[in-house]
2 protein chains.
Amino acid sequence: MTDVKKTRRRPRSDGQRNREQLLEVAKTAFTVGEVDIPLDEVARRAGVGIGTLYRHFPNRDALIEAVYRAELDRLAEAAPVLAAQHPPVEALRAWMRLFVDYIAAKQVIAPALNGLVGGTGALYAHSGDVLKAAVNSLVSAAIAAGEFRADIDPLDLLRALAGVSNFSAGPGWEGSAKRLVDILITGSRSSAS
Amino acid sequence: MTDVKKTRRRPRSDGQRNREQLLEVAKTAFTVGEVDIPLDEVARRAGVGIGTLYRHFPNRDALIEAVYRAELDRLAEAAPVLAAQHPPVEALRAWMRLFVDYIAAKQVIAPALNGLVGGTGALYAHSGDVLKAAVNSLVSAAIAAGEFRADIDPLDLLRALAGVSNFSAGPGWEGSAKRLVDILITGSRSSAS
DNA sequence: GCATATACGGAGCATTGTTCCGTTTAACAA
DNA sequence: TTGTTAAACGGAACAATGCTCCGTATATGC
C-alpha cells in the first residue's frame, strides 16, 4: 500500500548485453531450424551460464516469445509506413506480402508459432494485438475508401496469412503464398459478390 | 534378396486391443487439450505398460500421427460424398466448412498440426497427400465447371484453411473461420477479377 | 497339451527443463 | 578512490520425461 518510489539504480550494462546476446543466439538458432536447441546450448553459445539465461527468460517459451515478439513488432511497424506510401488496397497487399517475405526469410516466426500458439496462448495475446492493430488500420482504410466490403474482419485475413506460415515447407511455397494474398484481397473487394 | 514368404501367425488379439486402447486414450487426451500428456500417463490410462506403448508407436510423434491420420482420413473421405451431393462450388464450400467443424469439435487436429508440421514433416507427407487429393478433386471440379479460375491452386486454399486451425483460440472463432471460407471462395471465382 | 512367436511390463538410462544459492561485479555515494 | 550494496552471474543439483532393454507371460497353431 505504501506507494514508495525509490530511486532505482540504472540497469547493469552487462545484464543488457547478455540479454541481447541470448536473443541473438536464439534467433539465429531458430532461423537455422534448430528449434529444439537445448537451453544449455543457447546459454553456452551466448557465453553465459544457464542461470543467467533463466533470469532473463523464466522458461523456454519466454525466450521464444521474446524473439518472436521482436520480429513481429518490426513487421507491425511497417504498416503505417506502407499506408502513407500507397493507396489503401495496395498498402494492404504490400503489407501482406511483407508478412510472407518475413516468414520466408526468417523461419523464426513459423516454428515459433508452431510451438506456442498451441501452448499458453498468453504469448499470442500481446504480439497478436500488435499485428491485429496493424492489419486493422490497413483494412479500415480500404473499407473507408469503399474498396472493401464493410463486413470484412481484418482478423480473418490475419488468420489465413498465419496459416501460410505453417506450410512453409514444400517448394514453390513463396509464390503460392503470394497468390493466396491476391485471392484474399480479391475475395474482400466490394465489387465481388 | 531371398524372397521368402513365410506363413505368418495371425496378429495377437490382445495386441490389437491394446493398440486401439492407446489410440482412444491419446485421442481423448488431445481433444481435452492435454497435448503434453506424458507417455507414461497415456500408457497407464490405457491399462498397459510403457513398453507396450513404445512397441506400438516407436515415439511420441508416431502416436500423435496415428491419431491425427485417422481423423484426417475421415475428413478426406467426406470429399467424394459431398461432391456427389452438391454442385462443385457448394461441395467445396461444404467440405471447407466441415474442415473447420472438425477443428472446432476436436482440437486434435490443431495441436497435432502445431507440434508436427514444424517437426519431421514426414508425418505431414502422408496425411497431407490424402487431404491434398481431397481438395484437389473438389477444386478441379469447380474449375472444370467454369466456376473457378483455372489458375487456382488447391493447395493455396488448404494452406489458408490450415492457418485457421492455428488461431483456434479466441471467441467468435468459428464464425470467423466460416467467413474466411467464403472470402476464399469468392476470391477464387472466375467472375472475380 | 506343447512349442514358440508374439506381446507384455516396468526398471533404468539419457536428455533436457528448471531451481537454488554462494560468488562476483557494476553502479552509486562519500 | 574506495566502500557498500543491489543486481547479475554461474553452474551444481534436482525433476520430469522420452526411450531402451530384457526377462516374463500368453495367444496361436499343431
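No experiment lies behind these values; they were computed from the predicted model shown. First the proteins, then the strands, lettered A, B, ... as listed; each starts at 1.
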J.: Answer yes or no: is there an ion pair linking B:R74 with B:E71, defined by an N-O contact shorter than 4.0 Å?
T.: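 So B:R74 pairs with B:E71 through a salt bridge.
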J.: How close or far is atom C1' of C:dA7 from atom CD of B:Q21, stated in whole angstroms?
T.: 16 Å
J.: Is A:H56 near enough to D:dA8 that one of its side-chain N or O atoms lies under 4.0 angstrom from OP1 or OP2?
T.: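 The answer is no; no side-chain N or O of A:H56 sits under 4.0 Å from OP1 or OP2.
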J.: Nearest whole angstrom, please: distance from the P of D:dG18 to the CZ of B:R44.
T.: 13 Å
J.: Show, in sequence, the C-alpha distance, side-chain angles and deciding distance for B:D101 and B:K178, and conclude whether the salt bridge (Lys or Arg N to Asp or Glu O under 4.0 Å) test is met.
T.: CA-CA 9 Å; B:D101 282 341; B:K178 299 211 166 161; 3.2 Å; yes
J.: Grab the CD1-C1' distance between A:I64 and C:dT16 for me, whole Å please.
T.: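 After rounding, the reported distance stands at 14 Å.
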J.: Heavy-atom contacts under 4.0 Å between residues 11-20 of chain A and DNA chain D, which residues?
T.: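 Contacts with DNA chain D under 4.0 Å: A:R12, A:D14, A:G15, A:N18.
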J.: Using atom OH of B:Y54 as one end and atom P of C:dG12 as the other, report the distance to the nearest whole Å.
T.: 18 Å
J.: On DNA chain D, compare the nucleotides closest to B:L39 and A:G51; which residue's is nearer the 5' end?
T.: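 Going by which nucleotide is closer to the 5' end, it is A:G51.
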J.: Starting at atom CG of A:L53, determine the distance to atom P of C:dT19, rounded to an integer number of angstrom.
T.: 12 Å
J.: Whole angstroms only, please: what is the CD1-P distance between B:I37 and D:dA16?
T.: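 In whole Å, D:dA16 P and B:I37 CD1 are 16 Å from each other.
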J.: Where is the tightest heavy-atom contact between B:L184 and B:M96, given as atom of each residue plus distance?
T.: CD1-CE, 3.8 Å
J.: Is the phosphate of D:dG29 approached by B:R10 (side-chain N or O, under 4.0 Å from OP1 or OP2)?
T.: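 Yes, within the criterion.
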J.: Between the side chains of B:K27 and B:E24, is the shortest nitrogen-to-carboxylate-oxygen separation below 4.0 Å, so that they form an ion pair?
T.: no
J.: Apply salt bridge (Lys or Arg N to Asp or Glu O under 4.0 Å) to residues B:E20 and B:R17 and explain how you reach the verdict.
T.: CA-CA 5 Å; B:E20 275 161 36; B:R17 242 193 339 242; over 6 Å; no
J.: So, are B:R97 and B:D182 salt-bridged, with charged N and O less than 4.0 Å apart?
T.: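 Salt bridge flag = yes for B:D182 with B:R97.
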J.: OP1 or OP2 of C:dA7 versus the side-chain N and O atoms of B:T52: is any pair under 4.0 Å?
T.: no
J.: Measure CD1/A:I50 against P/C:dC20 and give the value in whole Å, please.
T.: 15 Å
J.: Please determine whether a side-chain nitrogen of the Lys or Arg among A:R45 and A:E34 lies less than 4.0 Å from a carboxylate oxygen of the Asp or Glu.
T.: yes
J.: Starting at CG of B:D40 and ending at C1' of C:dC13, how long is that distance when rounded to a whole Å?
T.: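 Value for this atom pair: 14 Å.
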J.: Which sits closer to the 5' end of DNA chain D, B:R55 or A:G47, going by the nucleotide each is nearest to?
T.: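 First, find each residue's nearest nucleotide; the 5'-ward one identifies A:G47.
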